[in-house]
Amino acid sequence: MIGGLFRRRNAQEATATRDVRHRLTPQNLPARDALEIARGRLAIGAALFGVLFVAVGLRMAYVSLLRDGGEPGVARAAHPAQVQADRADILDRNGVVLATSLPVVSLFATPRLVLDVEEAAVKLSKTLPDIKAEDVREKLLSGRSFVWIKRGLSPREHAAVMRLGLPGFEFQAEERRIYPQGAIGPHVLGYTGIDNVGLAGVEKRFDETLRQGEALRLSIDIRLQRFLEQEIARATQRFSAIGATAAVMDVSTGEILGMASLPAYDPNRHQTISNEALFNRSTLGVYEQGSTFKIFNTAMALDSGRFSPTSVFDASAPLKVDRFTITDYHGQYRPLTIAEIFKYSSNIGSAKMAVEIGVEGQRSFMEKIGMLRPVPIELPEVGQPLYPKHWRKISMLTIAYGHGISVTPMHVVAGASAMINGGIYYPPTLVKRGVGNHPDAGRRVISEKTSRQMRDLFRLNVVEGSGKNSEVPGFEVGGKTGSAEKPGRHGYREKALISSFVAAFPMRDPKYVVMVSIDEPKGTKETGGYATGGAVAAPSTRAIIEFMATLYGITPVDPAAAAKLMAAAPTAPAPATATPAATAPATTVAAAPAPSSPAAKPASAPAAKPAGGLSLTQLVDATTGGSSAPATGGGR
């Protein structure tokens, strides 16, 4: 019946349509156009409804069939194992992992989907004790569409939040940077932020490389690195210092085997790092280095070709320039050879050597050995040296003994390596040299002859001069002490020293340079009240060399002396009990000499022949007219 009604109606419409077509006149044309427009609109509307219907159907199929199970809007388990650790590992030179990335999950919320803000805030604060209910409440009521609740949940925290079943909360799989060695080598490694982006150290310098998944192998030996930090920590405590730094460099490649700075920090807890702990004293801190700079002043004079170790300069009286007076801490008050100037650490003699080279000659030499530009090492934390804009005569004189110019300890390490390795400057590097990463060819800065002479002077200073406390019998240690007074508001602070020792060994064929620097040490009863480089830094240098000899199996030059030492040596070297011969304070004001007592020559020291050809005794005899007695003075 209904079908019949529809058929009759359709028949009537068809008849009406034929009638309209038959009665087409100019008057009914607008009616026909309106009918066609209506049909077109109906077709478009039907198409739009069809597309919408298909979209809704596909969404329902995805939610019900393809998406992971679980009620929509309720926190669901993330699968961190499915996330690849994008940031590559950092390794030490032997392949020990120093930094790696682990998959973790982070908790976030979509506030508009949270049903009960107060309930969620209370439950989460009880489940995650390190977050507060009011903080969660503030985030959920912030009006934002997405808020982080906590990044980097532990597996236990992840499971606990899952059990709460709170609507509107979900987990995001991420990765977290982990430093398995803890607070070892933080100023080398640096750290990453919450988003795994490098913020300091090699993490920042090689951020792009590590993010691309390319592992980084450093030149650092974590065993030596750990010992360096332990040793300077002991020295800092023993001498009540405010900080310290130490570094070891391979003189033939420029590789840094260890670099420590105190205070330090744990990169796993980077949120709590203080600015003081973050500061890298080795490469960022610039200081007046004091008498260690006489290494470069002496090499400059010898390399000029005009002087030899036996050349004599008059150090019998203070040197007056304008309103300044340059004195020696323990003056000999007589003419001194260059060898004696180095051994006694004479400020007067060093200044007069600089005069012979001249202002431009000195500036050119300092620039050649890298003292006037940031040290070229793979760290973002590098300090700009401070030196006179106008290099005048008084600047030349004070720079000769390490005042008037401020550089980092790493500048001194790299420069000293070039002075004793044959004369080649290798840029210090924290990246291991090897296949596909060949050593920098280096550049010659002094002649081989000058370098051999500097080796002799290094060794002479340890055997006869201010470096006796660094001696390791059997390993031919050489070096130079330095004790620079720190500047203050009203001139130099006499009791505030940066006390350093730069050593190399074995001097017959140097392999390594070791530097220890202690910031504002205080003298002790064992050091006779002295806080100089020879008293506080040299013993730590000795301990480091002894450790390296054992670690790397270095063959002693004098096996009998070395065996005797190893049999008698304590686990940690005791402070020297004799009043040390010290190196001269770099100061431009006259100071009364302090009393000192002779420092005995180590009985087991080998009478090895230096690289220059003369024995140490012959060298001293030649430069003092036959008297080779140990120095009774010497600077700080």
Return the set of residues passing salt bridge (Lys or Arg N to Asp or Glu O under 4.0 Å) with [X] (not counting sequence neighbours), or none when no residue passes.
| X | value |
| --- | --- |
| D314 | none |
| R373 | none |
| R392 | none |

- Task: State, to 0.1 Å, how close P506 and K511 come at their nearest heavy-atom pair, and which atoms those are.
- Result: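 Heavy atoms only, the tightest pair is CD-CG, 3.9 Å.
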- Item | Shortest non-hydrogen contact between V502 and A416, atoms and distance |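 Shortest heavy-atom separation between V502 and A416 comes out as CG1-CB, 3.8 Å.
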Just jot down the side chain to side chain donor-acceptor pair (under 3.5 Å) partners of [X], sequence neighbours excluded, or say none.
| X | result |
| --- | --- |
| Q384 | none |
| D221 | R223, Y552 |
| S499 | none |
| D519 | R281, K486 |

Taking ring pair (Phe, Tyr, Trp, His ring centres under 6.0 Å) as the definition, give me every residue that meets it alongside [X], ordered by chain and number, with sequence neighbours left out.
| X | result |
| --- | --- |
| F293 | F296 |
| F547 | F227 |
| F505 | Y512 |
| F307 | F313 |

- Test of ring centre spacing under 6.0 Å for H187 and F279: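 No, too far apart.
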- Are side-chain N/O atoms of S350 and N347 paired as donor and acceptor at under 3.5 Å?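 Judged by distance alone, the side chains do not pair up.
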Give a yes or no on whether a salt bridge exists between [X] and [Y], defined as a side-chain N under 4.0 angstrom from a carboxylate O.
| X | Y | value |
| --- | --- | --- |
| R334 | E340 | yes |
| K352 | E356 | no |
| R493 | E485 | no |
| R444 | E448 | yes |

- Query: Pairs in or reaching into residues 407-422: which pass side-chain hydrogen bond (donor to acceptor under 3.5 Å, both in side chains), with residues at least two apart or in two chains?
  - Reply: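 Found T408-H411.
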